[in-house]
Amino acid sequence: MLSLSPLRQPPEDEAQLLAQAGLLAGMTLGELAALAGLPIPPDLKRDKGWTGILLELWLGASAGSKPEQDFAALGVELKTIPIDRQGRPLETTFVCVAPLTGNSGVVWETSHVRHKLKRVLWIPVEGERAIPLAERRVGSPLLWSPSAHEEAQLRQDWEELMDLIVLGHVERITARHGEVLQLRPKAANSKALTEAIGANGEPILTLPRGFYLKKNFTGALLARHFLL
DNA sequence: ACCTGATCATAG
DNA sequence: CTATGATCAGGT
């Protein structure tokens, strides 16, 4: 029988990764944290990435801040996603930081967004704040790649947003732009600034931005999986 | 009730 | 600062 313990090595293939992820389904974050020897914070207010780190540990992902996929050898990215009791996402999903300069000639095919989303292991986790963190249960894993339709949706939003950035209109972009992919601040606070292109082509300082998947997109891909 | 803009911790 | 991991919380 497989031992229920964190993987100390990266998984060898997708099947092994999925098998390990499957063992976690139904367990609580409290159980997984205790078995991994990880302290459980009272809530996520000051530990927003805690669930993601915990699952990385259990699945043998490279911890830390490397700008790579979580399972580089497999080309797989790990995403935990908080869900309500009906399996619908409670939050948008951060994809990557948006490049605000040096974008002449960039195309969808080689974009960071496309690369990050090429193959994703989604792990739904109960996320309602009424449920104590330690009692929240891990759901069934979903190894996903964008369908042709999903990629077309992503590409359209990405191209629209990148056009605005390149044309110096980043500060006119709001989270309402994009049907499935949105651009929002991704920073420590509202004082953190980075360089971007202004309306007259001049350098400006603005908030760092990130690409996020809207809930309608992740909700649909989860529903497709768990209803079929 | 929900979404958008703001925010939190850590490593390098 | 940028990268990783995301959720918070007030205004609409």
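Every chain is numbered from 1, with letters handed out A, B, ... down the list of sequences. This is a predicted model, so every value here is computed, not measured.
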Report whether Leu17(A) and Leu78(A) are members of the same hydrophobic cluster (ILVMFWY, side-chain heavy atoms less than 4.5 Å apart, transitive linking). yes
Base-contact (B) and sugar-phosphate-only (S) positions in nucleotides 6-12 of chain C, heavy-atom cut-off under 4.0 Å, - elsewhere: BBBB---
Criterion side-chain contact (heavy atoms from CB on, under 4.5 Å) against Ile81(A), the qualifying member of Ile123(A), Thr218(A), Thr51(A): Thr218(A)
Under a 4.0 Å N-O cut-off, is there an ion pair linking Arg85(A) with Glu128(A)? yes
Tell me: [atom1] of [X] to [atom2] of [N], nearest whole Å?
X: Arg88(A); N: dC3(B); atom1: CZ; atom2: C1'; result: 15 Å
X: Glu128(A); N: dC2(B); atom1: CD; atom2: P; result: 11 Å
X: Leu213(A); N: dC3(B); atom1: CG; atom2: P; result: 15 Å
X: Arg209(A); N: dA3(C); atom1: CZ; atom2: P; result: 15 Å
X: Gln182(A); N: dC2(B); atom1: CD; atom2: P; result: 16 Å
X: Glu68(A); N: dG12(B); atom1: CD; atom2: P; result: 14 Å
X: Ile40(A); N: dA9(B); atom1: CD1; atom2: C1'; result: 18 Å
X: Leu100(A); N: dA3(C); atom1: CG; atom2: C1'; result: 15 Å

In residues 164-176 of chain A, which ones come under 4.0 Å of DNA chain C, going by heavy atoms? none
Starting at the 5' end of DNA chain C, which residue's closest nucleotide do you reach first, Lys116(A) or Ala192(A)? Ala192(A)
Quick one about Arg155(A) and Ser111(A) (side-chain donor to acceptor, distance below 3.5 Å, no hydrogens or angles considered), yes or no? no
Distance-only donor-acceptor check, side chains Arg209(A) and Thr206(A), under 3.5 Å: yes
May I have the step-by-step check of side chain to side chain donor-acceptor pair (under 3.5 Å) for Ser145(A) and Arg119(A), ending in yes or no? CA-CA 5 Å; Ser145(A) 288; Arg119(A) 196 132 182 90; 2.7 Å; yes
Across the strands shown, which category fits Asn216(A) at heavy-atom distances under 4.0 angstrom: base, sugar-phosphate, nothing? nothing
Under 4.0 Å, counting only non-hydrogen atoms across every strand here, what does Leu90(A) touch: a base, just sugar-phosphate, or nothing? nothing
Which heavy atom of Ala33(A) sits nearest a heavy atom of Trp50(A), and at what distance? CB-CZ2, 3.7 Å
Checking salt bridge (charged side-chain N to carboxylate O under 4.0 Å, His left out) between Arg114(A) and each of Glu109(A), Glu151(A), Glu150(A), which is the one that passes? Glu151(A)
Just so I know, are the side chains of Leu183(A) and His177(A) near enough to count as touching, which here means a heavy-atom distance under 4.5 Å? no
